[in-house]
Amino acid sequence: MTQHVSPPRGGTEKTATAGRPPAWRSLTARADVRTLSLLGVLAVLVVIGGITKPDEFLDTRNLQLVLTQASVIGVVTVGMTFVITAGGIDLSVGAIVALASVWATTVATQEYGFGGILLTAVLVGLGCGLVNGLLIAYGGMVPFIATLAMLASARGLALQITDGRTQIVTVDGVLSLGERDSYVLGIPPLVLVFAVVTVIGWLVLNRTTFGRRTVAVGGNPEAARLAGIDVRRQRLYLYLLSGLCCGIAAFLLIVLSGSGQNTNGNLYELDAIAAAIIGGTLLSGGRGTITGSVLGVLIFTTITNIFALNNLQSDVQQIAKGAIIVAAVLVQRRTASTA
């Protein structure tokens, strides 16, 4: 009698998957390639800057300036990355920064000193984020329309508060943060704040339930809802987070410029979206990377600095940025089609 021998447990599964790496390894490999590519682009820009203006570009003060300027838009980009990862968009970030900066630098606010300016900037950012979140999550408005309305309203209110005039900061505690005496081991305080926000953002997106829910909502909102995620509440939290980042960025901008203006944050929304996209965050949602977004910010800030040092016109700079954005989107589409 022929004896039937059963195959070892799991043998069929191992044979079927032999030679095929797990999906998470493929995603990690693509992420590593993207990060290395962005680092390569940044290295090339540094080389170009060093060749065209070696004495000026590689000067310690200039490198500190690049990092300081990147800090303001970088904090905004961290918040934007969360929103885009969840399938949303926020066109109002620049206007919120402007409104928070002028509201925090009025004469009445400055009477409360350092704490009053910081608290006002953060609360204004949170308030605007709350309005955006309520309109989108519970009002059923399309994010593009809701944040576009906030953009117009916040810009108008900022203009009304300032009456078109620059508001000078007189609080020594705020102004001193922008001086070289306040640098820590040669690092400006604004850069340290940016680093802390970046680390916290990375941990939240990659190591917490909140981050996993954000990715789930962006990938498939209906599936996320069926899995027990309160999609509306999650979206509200995300726009609150974006508003919080705008408030922090407004305070950093106040320190950097020593004033509040209704023109602050001009085109920040475009720069933040562009930095997130070239960093690898999908505009359609479902995937986001804080590391890539930060590298995108550094690339754009370095380009701006190189153009300024070489006295090149801003229109050429905008064309270069546009070309980089188009190239990044094309690479994303190609990567998605081969996934």
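Alongside V231, the hydrophobic cluster contains V217, I229 (criterion: ILVMFWY side chains under 4.5 Å). If you chain together ILVMFWY residues whose side-chain heavy atoms come under 4.5 Å of each other, V102 ends up grouped with L99, W103, V124, L157, I161.
Hydrophobic clustering (side-chain heavy atoms under 4.5 Å, transitive across Ile, Leu, Val, Met, Phe, Trp, Tyr) keeps I187 apart from L65. No single ILVMFWY cluster, assembled from side-chain heavy atoms under 4.5 Å apart, contains both Y239 and I84. In the hydrophobic clustering of this structure, F210 groups with M80; members are Ile, Leu, Val, Met, Phe, Trp, Tyr whose side-chain heavy atoms approach within less than 4.5 Å, directly or through other members. Residues L42 and I306 share a single hydrophobic cluster, defined by chaining ILVMFWY side chains whose heavy atoms lie under 4.5 Å apart. With hydrophobic clusters built from ILVMFWY side chains whose heavy atoms lie under 4.5 angstrom apart, V174 does not share a cluster with L123.
To the nearest 0.5 Å, the span separating NZ on K53 from CG on L58 amounts to 12.5 Å. If you take CD1 on I200 and CG on L205, they are separated by 13.5 Å, rounding to the nearest 0.5 Å. Separating the CG atom in L190 from the OG atom in S182 is a distance of 8.5 Å, to the nearest 0.5 Å. One finds the CD atom of Q234 at 8.5 Å from the CG atom of D230 (value rounded to the nearest 0.5 Å). The CG atom of L130 lies 9.0 Å from the CG atom of L135; values are rounded to the nearest 0.5 Å. Here the straight-line distance linking atom CG of N220 with atom CG of L226 works out to 8.5 Å at 0.5 Å rounding.
Residues L309 and N62 are in side-chain contact: their nearest non-hydrogen atoms beyond the backbone lie under 4.5 Å apart. Counting only heavy atoms from C-beta outward, the side chains of L298 and L67 approach each other to under 4.5 Å. The shortest distance between side-chain heavy atoms of Y237 and F82 does not fall below 4.5 Å. Two residues are said to be in side-chain contact when any heavy atoms from C-beta on lie closer than 4.5 Å; R235 and P143 fail this criterion. Using a 4.5 Å heavy-atom threshold, the side chains of F57 and T302 count as touching. Two residues are said to be in side-chain contact when any heavy atoms from C-beta on lie closer than 4.5 Å; L236 and R232 fail this criterion. Using a 4.5 Å heavy-atom cutoff, the side chains of L256 and L252 are not in contact. Looking at heavy atoms from C-beta onward, Q110 lies in side-chain contact with I117 at the 4.5 angstrom threshold.
Not a single donor-acceptor pair under 3.5 Å links the side chain of T109 to the backbone N or O of T105. Without hydrogens or angle criteria, Q167 side chain to V107 main chain gives no donor-acceptor distance under 3.5 Å. Side chain of S92 to main chain of A95: no donor-acceptor pair is present (N/O by atom type, distance under 3.5 Å, no hydrogens or angles). A donor-acceptor contact shorter than 3.5 Å links the side chain of T147 to the backbone of L91.
Closest approach of V255 and G178 over heavy atoms only: CG1-N, 3.6 Å. Taking all atoms of both residues into account, the shortest heavy-atom contact from A249 to V76 is CB-CG2, 3.4 Å. Pairing each heavy atom of A250 with each of A121, the nearest pair is CB-CB, 4.5 Å. Of all heavy-atom pairs spanning A275 and F300, the tightest one is N-CE1, 3.7 Å. Minimum heavy-atom separation, A70 to V297: O-CG1, 3.5 Å. Shown here for T85 and G288, the closest heavy-atom pair between the two residues is OG1-CA, 3.2 Å.
For the residue pair R165/T162, the side-chain donor-acceptor check at 3.5 Å is not satisfied.
Applying the side-chain hydrogen bond (donor to acceptor under 3.5 Å, both in side chains) rule to pairs touching residues 67-83 yields T81-S293, sequence neighbours excluded. The list of side-chain hydrogen bond (donor to acceptor under 3.5 Å, both in side chains) pairs with a residue in residues 135-144, not counting sequence neighbours, is empty. Residue pairs meeting the side-chain hydrogen bond (donor to acceptor under 3.5 Å, both in side chains) criterion with at least one member in residues 263-280, sequence neighbours excluded: S101-N264.
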Test log, rule side-chain contact (heavy atoms from CB on, under 4.5 Å), inputs D59 and E56: CA-CA 5 Å; D59 183 72; E56 299 175 37; 5.8 Å; no
List the steps, then state whether side-chain contact (heavy atoms from CB on, under 4.5 Å) holds for N132 with I96. CA-CA 11 Å; N132 279 337; I96 294 175; 4.1 Å; yes
Are L175 and V171 close enough, and set up right, to give a side-chain contact (heavy atoms from CB on, under 4.5 Å), and what steps lead you there? CA-CA 6 Å; L175 297 175; V171 179; over 6 Å; no
side-chain contact (heavy atoms from CB on, under 4.5 Å) between V97 and C246, worked out: CA-CA 5 Å; V97 169; C246 289; 4.0 Å; yes
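Surrounding OH of Y112 are at most 12 heavy atoms belonging to other residues, nucleotides or ligands under 6.0 Å away. More than 12 heavy atoms of other residues, nucleotides or ligands shown are found within 6.0 angstrom of CZ on R180.
Residues satisfying the ring-ring contact (aromatic ring centres under 6.0 Å, His included) test with F114, not counting sequence neighbours, are F251.
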